[in-house]
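Quick notes on the structure that follows.
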There are 2 protein chains.
Amino acid sequence: MFPVKEIDLHATEIYPGTQSVARAIALLKAFSDAQPEWSLNELAQATGLNKTTAFRLLSALEAERLVMRNPLSGGYRLGVELIAIGGTAMRSNPLRAMSRPSLVTLAEQSGEAATLEMLVENYVLVLDEIASSNPMGMTQDVGNRLPLHATATGKVLLASRPDAEIDRLLSDPLEPLTEQTIIDRARLKAELARVRQEGIAIAVGELEPWFTAVAAPIMDRERQVIAAISVGGPSLRLTADRLPTIAAMVQMSARQISRQLGYWPG
Amino acid sequence: MFPVKEIDLHATEIYPGTQSVARAIALLKAFSDAQPEWSLNELAQATGLNKTTAFRLLSALEAERLVMRNPLSGGYRLGVELIAIGGTAMRSNPLRAMSRPSLVTLAEQSGEAATLEMLVENYVLVLDEIASSNPMGMTQDVGNRLPLHATATGKVLLASRPDAEIDRLLSDPLEPLTEQTIIDRARLKAELARVRQEGIAIAVGELEPWFTAVAAPIMDRERQVIAAISVGGPSLRLTADRLPTIAAMVQMSARQISRQLGYWPG
DNA sequence: ATCGTTGTTTCATATTGTGAAATATAATAT
DNA sequence: ATATTATATTTCACAATATGAAACAACGAT
């Protein structure tokens, strides 16, 4: 159903004369929801930097407000300037702008929340989200990172990658987020094969116990899968009998967006 | 009503050994909603960097996905990694987390959208926003930058700064965004004096013709104004007779948040 | 074809970034 | 209190890294 092309995603080649910038970025990337505050030593250790170097780089980041310090603990946190720059990055993202109308329609049609997500590093990044018109929509999490193996979109994006890369992308072991999360690699691989064939992925209670989602791939003119869209909501509403209908809606929207990107089926 | 302390916000002192990082950040800061895509030469010119240097730094940023290129034009845009990092920055912001409950209550009480905003560079940054329960809420713009002179929150934040800094912060001339935008500096200064006294700011149709907002300051234990909260919505709903009631609600919430930050009135 | 414009590579140079060590500061134990 | 550890910050000699002029390549436009 959809192609698996070998493309060098790990373009981590080192440009000469960019060491300090690369290191500063590594520092920024260390911060996460799980650990939003770091001490200097922790950061130096996690990034493999000399303590003095980390300190100097962090001072530069702090002066520009990309990083701030907890006045009580002295710990480092991401700064407000990143909220501003991140907001600009989000609003100016071309894929997001292009997909939005279809996503809105999809949310209306389905009556559930619709999202646009893509593969970044080894996570799924939520690029856009249209809240459900029905009450009890998902939490607002544009800009959030979600695990690849426990999301419908993650499965779609994984399925589009060659096998060797899938192994690189998946955490080991697969973290169980709910009872339903697939933690057996072989079973996940089998599921991915099915996703590849059918062009649709489903996750029932795999990310959160109450949550079900259906996802389909977005492809560009080179027939590369560059993103995925999904419809998701409470499993009580997205019941088994509704899933085929919803899957069809998601696929139709996905094709519509893909076509706008220059993709031509056939 | 509230204090005006002289504090060096422009801590743009130069740490030794951080030139390239500072320059890379300057490149990122060049991007805006108004101009989301830049050519290499434009960026080099805008930041005052040598073309080669800009190119090298941008290559480093691109390798880490903080920047991406438009395959058609070759132009530079902010990359998806910044959306992810920005999301983390937002979700981990302590002020935002602390203010949220009060902000939710405020939105419920008033039936209008409530926001938390702070001064970053020479703009107001929207840190959080609770949508109106009533239909036709504001557009979602957490992470957005708004002009200081045309927003209620901006007036509050300006009023807390010493006069010399106000002049530095304000654009010259003041940009008229609507018919109602205050573009006369003297008139704005007079208004700020009143805001300083009353501890409340109002903007009726000054940012957008249909939009009215009311804002109050958030203060920390050092009695510094560090942020502002607001309630805003269509002017048709936020009519003159309702404004005093809403102002009281905003002020009460602002005090509540301030007290959590260690502020003690008196 | 020729020019002008923009992006990319090369390379000699020294400025800039580096990290070990010393110092200061805070937190905890004795 | 005092010692002890674990932090953060400053200093400084050294050379690796970042720099920018210049040359080159790749386009479009005229």
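Below, chains carry the letters A, B, ... as their sequence lines are ordered, and counting in each starts from 1. Predicted model only: the values in this text are computed from it and were never measured.
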Can you tell me how far P of dA8(D) sits from CG of L57(A), to the nearest Å?
-> 15 Å
Ignoring backbone atoms, test whether R69(B) places a side-chain nitrogen or oxygen under 4.0 Å from the OP1 or OP2 oxygen of dT6(C).
-> no
When L261(B) is tested against each of M98(B), M219(B), R221(B) for side chain to side chain contact (heavy atoms under 4.5 Å, CB included), which residue passes?
-> M98(B)
Given K29(B) and E64(A), is the salt bridge (charged side-chain N to carboxylate O under 4.0 Å, His left out) satisfied, shown in steps?
-> CA-CA 10 Å; K29(B) 286 188 178 175; E64(A) 300 293 340; 2.8 Å; yes
Base dG19(C) to side chain K51(A), donor-acceptor N/O within 3.5 Å cut-off | no
Euclidean distance, atom CD of residue E42(B) to atom P of dT6(C) [Å, nearest integer] | 8 Å
Comparing L72(A) and L49(A) on DNA chain C - which has the more 5′ nearest nucleotide | L49(A)
Side-chain-base donor-acceptor pair under 3.5 Å for T53(B) and dA18(D) = no
List for me each residue that meets side-chain contact (heavy atoms from CB on, under 4.5 Å) alongside P94(B), sequence neighbours excluded, and say none if there are none.
-> M68(A), R77(A)
Under 3.5 Å, is there a donor-acceptor pair between the side chain of R65(A) and the main chain of V80(A)?
-> no
Can you check the N41(B) CG to dG4(C) C1' distance for me, whole Å?
-> 12 Å
Contact list for DNA chain C against residues 20-29 of chain B - heavy-atom distance below 4.0 Å = S20(B)
P atoms of dT13(C) and dC14(D), separation to the nearest Å = 22 Å
Expressed in angstrom and rounded to an integer, what is the separation of Q19(B) atom CD from dT16(C) atom P?
-> 5 Å
Rounded distance in Å - CG (N50(B)) to P (dT16(C)) | 13 Å
Given dT9(D), dG7(C), dA20(C), which nucleotide is nearest the side-chain atoms of T52(A)?
-> dA20(C)
note: L58(A), atom CG; dT18(C), atom P; distance rounded to Å ~ 12 Å
Indicate whether any N or O donor in one side chain lies under 3.5 Å from an N or O acceptor in the other, for E37(B) and S73(B).
-> yes
Is there side-chain contact between D128(B) and N93(B), with at least one heavy-atom pair below 4.5 Å?
-> no
side-chain hydrogen bond (donor to acceptor under 3.5 Å, both in side chains) with D33(A): which residues, sequence neighbours excluded?
-> R91(B)
Grab the CZ-P distance between R56(A) and dA16(D) for me, whole Å please.
-> 16 Å
Rounded to whole angstroms, how far apart are CD on E62(B) and P on dG7(C)?
-> 13 Å
